[in-house]
Amino acid sequence: MAKLWGGRFSKNTNELVDAFNASIDFDQRLYHEDIRGSIAHATMLADCGIIPAEDGTKIVAGLQEILQEIEAGAFHFDTALEDIHMNIEARLTEKIGAAGARLHTARSRNDQVALDMHMYVKKEVAEIAHLLWNFEEALLKVAKQHNKTLMPGYTHLQRAQPITFAHHLLAYFNMLQRDFRRLQGVWEGADMMPLGAGAIAGTTFPIDRFAVAEQLHFGKVYANSMDAVSDRDYVIEFLSFASILMLHLSRLSEEVCLWSSTEFGFIELDDGFATGSSMMPQKKNPDIAELVRGKTGRVYGHLQALLVTVKGLPLTYNKDLQEDKEGLFDAIDTIKFSLTVYRDMLLTMIVNVDRMQEAVSKDFSNATDLADYLVRKGVPFRKAHEVVGKCVAHAILQGKFLPEISLTEYQQFSPLFEADLLEVLKPENCVAARQSYGGPAFGENAKQFTMGEKILQQQRTVLQDFHDNL
Ligand code: ARG
């Protein structure tokens, strides 16, 4: 197939160059955006009197047919035509002749690919926002079921203080809210219309960029043609969002792996969401969590790759920018799959409430509460800390936990200890007493549930807003 830019060349491109240069294998994913963008462009050209109205009509009809051909799997993608833009344009001209050859008036592939990518990112942001919302909702649902499920909280992976499983899950719920907010930021960057920037310096034709923006539901139009064709911030912002989201899922994955081990035994994954070993018959492995943790690295890689690709580029378009796509596409596929499968895994896992309760009853995670007990009797905290430290050391020597030490023993460390200390040591009381704002106390978590519901409700309007502006 002859090159659409072949005029000044006297030789065919080397075959290796065709293969190396082409992006059609991966950018065919943009066919829908490319066609929609071209329809908007052609309509605007006709409305502004830049091309004859009949040509505008023919172009739109031809593009709609091509859309059907692609969706029916009947379109032949040609590597020699490099990319999705030229594949579609060449087919259009093949179908409708001279009118098709008018489509590219006042346009370059530089602003065309930027337009496609903006539209594509917006579409994916809208879909991912839905999946993220579903995930948040699932977390809140499981958390609500476990407001009374006591477990040890950890720092340094050492037992620290009693908490509830609900409180632990709500921490992730809060992290995901920030992801949702970041996703709204990605939308802001993507919702800017670049078409009309031409190759670099706009066009000599009296185009109407705002009409195109309106037709394609863009909120803003790039104010500088050079920025419009060289900006990839919105892709970098997407990959940053994706990296931080994966970071959160990866931390949760690490906990799921720990919790499902025999050593912890806090949860058991549903048989449908775990895998076995080809050699060891007893094994039940948390592969989903491990894979999500593993895939986090590759999403970081895509962010890093694009940051490095763009950092040394002079304005404006350089072919290096074609490298923005595969990483973005892979990151999108990875987070969508991860969010979907992970949500179902969480909803089906069995939480071993008794095992968690047992764990928190047989440890020293109530020691801070004993120090606080002395503080309430007037002992300075530093001093109380030291006294209770000695009680702990004493208990360890005896092979006991704090509730098993007798009052007379306690009183050797401080005369202020009285029989009521036993109440203070109960893990459910440790949790109930932590009523500070944001703390794990049952009532506090109940407030967080209500707030969470409200946030989910607010996010619904954002989802609708995204949907309405695609
Ligand atoms: N396939 C190219 C890309 O993805 C399209 C833009 C090409 N522009 C150019 N001047 N060669 O970046």
Side-chain angles (χ1 to χ4, degrees), residues 1-9 12-14 16-38 40-41 63 66 70 75-93 103-124 189-190 192-203 212 222 225-236 238-239 302 305-332:
M1 176 76 74
K3 295 279 188 278
L4 296 188
W5 39 254
R8 63 102 70 212
F9 289 81
N12 283 337
T13 339
N14 178 297
L16 280 176
V17 171
D18 269 346
F20 193 64
N21 208 23
S23 52
I24 189 62
D25 281 352
F26 48 87
D27 70 11
Q28 47 180 278
R29 206 190 256 240
L30 300 171
Y31 74 90
H32 200 276
E33 286 70 29
D34 198 71
I35 289 176
R36 211 177 137 217
S38 286
H41 180 63
L63 287 169
I66 293 174
I70 295 176
F75 189 94
H76 171 67
F77 291 105
D78 185 353
T79 309
L81 286 168
E82 261 182 70
D83 52 30
I84 186 66
H85 325 295
M86 293 200 294
N87 267 272
I88 289 176
E89 192 190 324
R91 175 77 183 121
L92 183 68
T93 306
L103 169 62
H104 213 50
T105 314
R107 185 176 78 169
S108 154
R109 272 185 297 152
N110 298 353
D111 57 347
Q112 185 179 358
V113 72
L115 177 67
D116 293 3
M117 288 286 279
H118 278 79
M119 289 164 68
Y120 179 75
V121 170
K122 280 178 68 178
K123 179 178 81 185
E124 292 297 342
M192 198 176 286
M193 212 291 295
L195 202 73
I200 163 169
T203 170
V212 173
Y222 274 92
S225 63
M226 293 178 73
D227 184 35
V229 288
S230 54
D231 177 28
R232 293 296 182 274
D233 290 1
Y234 63 103
V235 183
I236 294 172
F238 180 87
L239 292 171
H302 297 320
L306 189 59
L307 284 170
V308 175
T309 299
V310 178
K311 83 176 260 293
L313 293 187
L315 297 185
T316 49
Y317 181 83
N318 299 270
K319 193 66 176 244
D320 315 45
L321 290 176
Q322 181 164 287
E323 289 292 310
D324 63 353
K325 290 177 194 62
E326 287 159 288
L328 171 71
F329 296 164
D330 184 68
I332 286 172

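Ligands are counted one by one from 1 in listed order, and the atoms in each one are counted from 1 as well.
- Residues D116 and H85 meet the side-chain proximity criterion, which asks for heavy atoms closer than 4.5 Å.
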I'd like the atom pairs linking ligand 1 to the protein - N or O on both sides, separation under 3.5 Å - with distances to 0.1 Å.
unit_1	atom_1	unit_2	atom_2	d
ligand 1	1 (N)	S23	OG	3.2
ligand 1	1 (N)	D83	OD2	3.1
ligand 1	1 (N)	Q322	OE1	2.8
ligand 1	4 (O)	K325	NZ	2.5
ligand 1	8 (N)	N110	OD1	3.0
ligand 1	10 (N)	N110	OD1	3.0
ligand 1	11 (N)	R109	NH2	3.4
ligand 1	12 (O)	Y317	OH	2.4

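- Among I70, D25, D83, the single residue meeting the side-chain contact (heavy atoms from CB on, under 4.5 Å) criterion with F77 is I70.
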Side chain to side chain contact (heavy atoms under 4.5 Å, CB included) evaluation trace for I24 with D78: CA-CA 8 Å; I24 189 62; D78 185 353; over 6 Å; no
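- Taking all atoms of both residues into account, the shortest heavy-atom contact from I35 to L63 is CG2-O, 3.8 Å.
- Counting heavy atoms from C-beta outward, E124 and L328 have side chains that stay 4.5 Å or more apart.
- Minimum interatomic distance between T79 and A22 (heavy atoms only, all atoms of both residues): CG2-CB, 3.5 Å.
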